[in-house]
Amino acid sequence: MIEVKNLVKRYGSHTAVDDLSFTIEKGKVYGFLGPNGAGKSTTMNIMTGYLSATEGEVIINGCNILTDPEQAKSHIGYLPEQPPLYTDMTVLEYLLFVCALKHVDKSTLPKQLDTILEMVKLTDVKNRLIRNLSKGYKQRVGLAQALIGFPEIIILDEPTVGLDPQQIIEIRELIRNLAKEHTILLSSHILSEVQEVCDHIMIIYKGKLVASDTPENLEKGLKSEQNISLLAKGAPEAVEGILKTLSAITSYSCEDAENGCTYAQLSITAKQDDDSKDIREELFWAFAGYKLPLLMLSSTQNSLEDIFLELTSDSADKNIDEKEEDETDAGNL
Ligand code: ADP
Ligand code: MG
């Protein structure tokens, strides 16, 4: 339904989107996850026809966004990072204005507006000036404009940024409801956000796609690594001596803890579909054999959080202020 092929966007010498390709299928919620500066907004702006690409193409339901923008755009509703709201208008005036821009059929207009206002829970404030609304309500107005014309695909750029926890819950709820009838692509730099609402996660870093899978598969993929921490009553040398004898352990570190104890962290590579002995059991017997009491033993699997951190390791902050010269790009329309 949406095909992004070999997309490249360069700002001067800086490559913001670097040969990005992916497909978005009908009816699912896709999460575009990446630290600040990863290239999420740039990609979304190109996909929605607000920015031109340096190379590559975007095909939306068979229409090329570059050569057939009107047609391609009619399939998409877009909530940009900074929604273009006219704050001196009332909610209703603004939405009517968007209806005119999107050529909404006059006969269906009143019903459509009522439905959308109800969906995003703006009916009660429809006659208020946008500038007097809270950030959460303004974001709903942004969502409402994206929904006008009931496009099949809704693209939301960081829809919950800057909202308070209650507003975040409300917007997420709205997204879940929208997902029943729309294909959704939303971006976020917060893992838990995409994890909660998305069927498929695409992790983007420095303009490249570094992972693309369901949240479950992403987690499973890296589950081969198991991390164990333990606290044993004994000197670090003694603990190391025992750990060395266990071949399943791929790496470990030991440090002095209080009261003559040693704290150790170790990783083992668990063989997939291998239900051999639990390494904790081996550790228990090994330490018992040397008469070193184990005071604590805990095991953790890699979480999606770890995967995200691993894939985007030398991350975010460096990139945030990278804007070299502020190249203005009027886009292709
Ligand atoms: P994200 O939305 O993932 O935070 P962006 O797509 O906004 O990332 O930015 C990707 C990279 O492109 C960043 O390094 C950013 O500084 C750079 N960038 C974005 N817009 C411009 C611009 N108009 N001029 C120059 N560099 C830009
Ligand atoms: Mg962004």
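Atoms within a ligand are numbered from 1 in the order they appear, just like the ligands themselves.
- Close approach of ligand 1 to S41 is summarised as follows: ligand atoms under 4.0 Å from at least one heavy atom of the residue are 1 (P), 2 (O), 6 (O), 7 (O).
- Under 4.0 angstrom from ligand 1, the non-hydrogen atoms of H14 all belong to its side chain.
- Residue contacts with ligand 1 include G39, since one or more of its heavy atoms lies under 4.0 Å from the ligand.
- A salt bridge links E170 with R140; the closest basic N to acidic carboxylate O contact falls under 4.0 Å.
- Considering both main-chain and side-chain atoms, K40 comes within under 3.5 Å of ligand 1 through a nitrogen or oxygen pair.
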Exercise. Kindly determine whether R131 and D88 satisfy salt bridge (charged side-chain N to carboxylate O under 4.0 Å, His left out), including the steps that lead there.
Key: CA-CA 6 Å; R131 75 172 128 88; D88 286 333; 2.8 Å; yes

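- Annotation: cation-pi geometry not satisfied between K135 and Y137 (NZ/CZ under 6.0 angstrom from ring centroid, within 45° of ring axis).
- Contact check for C254 versus L243: side-chain heavy atoms found under the 4.5 Å cut-off.
- For atom 10 (C) of ligand 1, the candidate residues are G207, G34, G37; the nearest heavy-atom contact is made by G37.
- The pair K40-E81 does not count as a salt bridge, with every side-chain nitrogen at least 4.0 angstrom from each carboxylate oxygen.
- Any N or O atom pair closer than 3.5 Å counts here, and A16 shares no such pair with ligand 1.
- Note: no N/O pair closer than 3.5 Å links T43 and ligand 1 by distance alone.
- At the Mg ion (ligand 2), the angle from OE2 in E81 to OG in S41 is 110° when rounded to 10°.
- Residue K121 qualifies as open at atom NZ: its count of foreign heavy atoms under 6.0 Å is 12 or below.
- Near N36, the atoms of ligand 1 lying under 4.0 angstrom from a non-hydrogen atom of the residue are 4 (O).
- The T42 neighbourhood of ligand 1 comprises atoms 5 (P), 6 (O), 9 (O), 10 (C), with distances under 4.0 Å to a heavy atom of that residue.
- The existence of a salt bridge linking K9 and E55 is excluded, since no basic side-chain nitrogen approaches an acidic carboxylate oxygen closer than 4.0 Å.
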